[in-house]
Amino acid sequence: MTPLRGSDRVHATLRAVRKGPARVRVTVDILVDPGWHVYGPGSSEGKPVALTADSERGHTLENIRLPQTADGLLSGRFEVQAELSTTDPDVTLVLAVQACNNVICEAPGSLRLEAAVKDPDGVPGQK
């Protein structure tokens, strides 16, 4: 497996909440440094933000929701949400990003995100 190279300009954290016996809602909180942006849906340039499940565990993400913008650029703070079918007590996702400013772009990179699955009242574990 190729090691992941992240972004110096994009910071992300993962939250995972159990919604059923084999259903987890995942939310990735993303913060892009001031003066920088990433590409979202509808952008005609760059590599768009993409969220995938760790393929080694065989998980599949569904209903991925990214913010929509008129120009396809995402900056500041935003969320990506999705659903995951799993009974595992923790999840691993990969966020692919390419950060750019008005002059340069970083090489595309990936951030590996891990979180314990919490039950609906915030405690790790399964209900």
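Counting from 1, the numbers follow the sequence of the chain as shown.
Counting all heavy atoms, side chain and backbone alike, Leu84 lies closest to Ala53 at CD1-CB, 4.2 Å. Minimum interatomic distance between Val10 and Val32 (heavy atoms only, all atoms of both residues): CG2-CG2, 4.4 Å. Taking each heavy atom of Val117 and Asp88 in turn, the nearest pair found is CG2-O, 3.7 Å. Nearest heavy atom pair, residue Thr86 against residue Arg18, reads O-NH1, 2.9 Å. Contact between Gly72 and Ser43 at its shortest, heavy atoms only, is O-CB, 3.5 Å. Across every non-hydrogen atom of Gly35 and Asn101, the tightest pair is O-CB, 3.2 Å.
Of the possible donor and acceptor atoms, one in the side chain of His37 sits under 3.5 Å from a partner among the backbone N and O of Cys100. Looking only at distances, a side-chain donor or acceptor of Arg65 sits under 3.5 Å from a matching main-chain atom of Asn63. Using a distance-only test at 3.5 Å, with no hydrogens or angles considered, no donor-acceptor pair links the side chain of Gln98 to the main chain of Gly46.
Atom CD1 of Ile64 is separated from atom CD of Glu83 by 10.5 Å, given to the nearest 0.5 angstrom. Interatomic distance, CG of Leu14 versus CG of Leu93, reported as 5.0 Å (0.5 Å rounding). Atom-to-atom distance recorded for Thr13:OG1 and Glu79:CD is 9.0 Å, nearest 0.5 angstrom. Rounding to the nearest 0.5 angstrom, the gap separating the NZ atom in Lys19 from the CG atom in Asp119 is 10.0 Å.
Side-chain contact between Asp8 and Trp36 is absent, with no heavy atoms from C-beta onward closer than 4.5 Å. Two residues are said to be in side-chain contact when any heavy atoms from C-beta on lie closer than 4.5 Å; Arg15 and Gln81 fail this criterion. The shortest distance between side-chain heavy atoms of Ser85 and Thr60 does not fall below 4.5 Å. Put simply, the side chain of Val38 reaches to within 4.5 Å of the side chain of Phe78, judged on heavy atoms. For the pair Thr92 and Arg112, the minimum side-chain heavy-atom distance is below 4.5 Å. At a threshold of 4.5 Å between non-hydrogen side-chain atoms, the residues Val94 and Leu111 do not count as touching.
Note on Val97 and Leu61: same hydrophobic cluster, where clusters join Ile, Leu, Val, Met, Phe, Trp and Tyr whose side-chain heavy atoms are under 4.5 Å apart, directly or indirectly. Linking ILVMFWY residues whenever their side-chain heavy atoms come closer than 4.5 Å, directly or via other members, leaves Ile30 and Tyr39 in distinct clusters.
The existence of a salt bridge linking Asp29 and Arg77 is excluded, since no basic side-chain nitrogen approaches an acidic carboxylate oxygen closer than 4.0 Å. The pair Lys47-Glu106 does not count as a salt bridge, with every side-chain nitrogen at least 4.0 angstrom from each carboxylate oxygen.
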Passes side chain to side chain donor-acceptor pair (under 3.5 Å), His11 versus Asp33? Steps please.
-> CA-CA 8 Å; His11 316 278; Asp33 284 353; 2.8 Å; yes
message = For Thr27 and Val80: C-alpha separation, side-chain torsions, deciding distance, then whether side chain to side chain contact (heavy atoms under 4.5 Å, CB included) applies.
response = CA-CA 6 Å; Thr27 302; Val80 176; over 6 Å; no
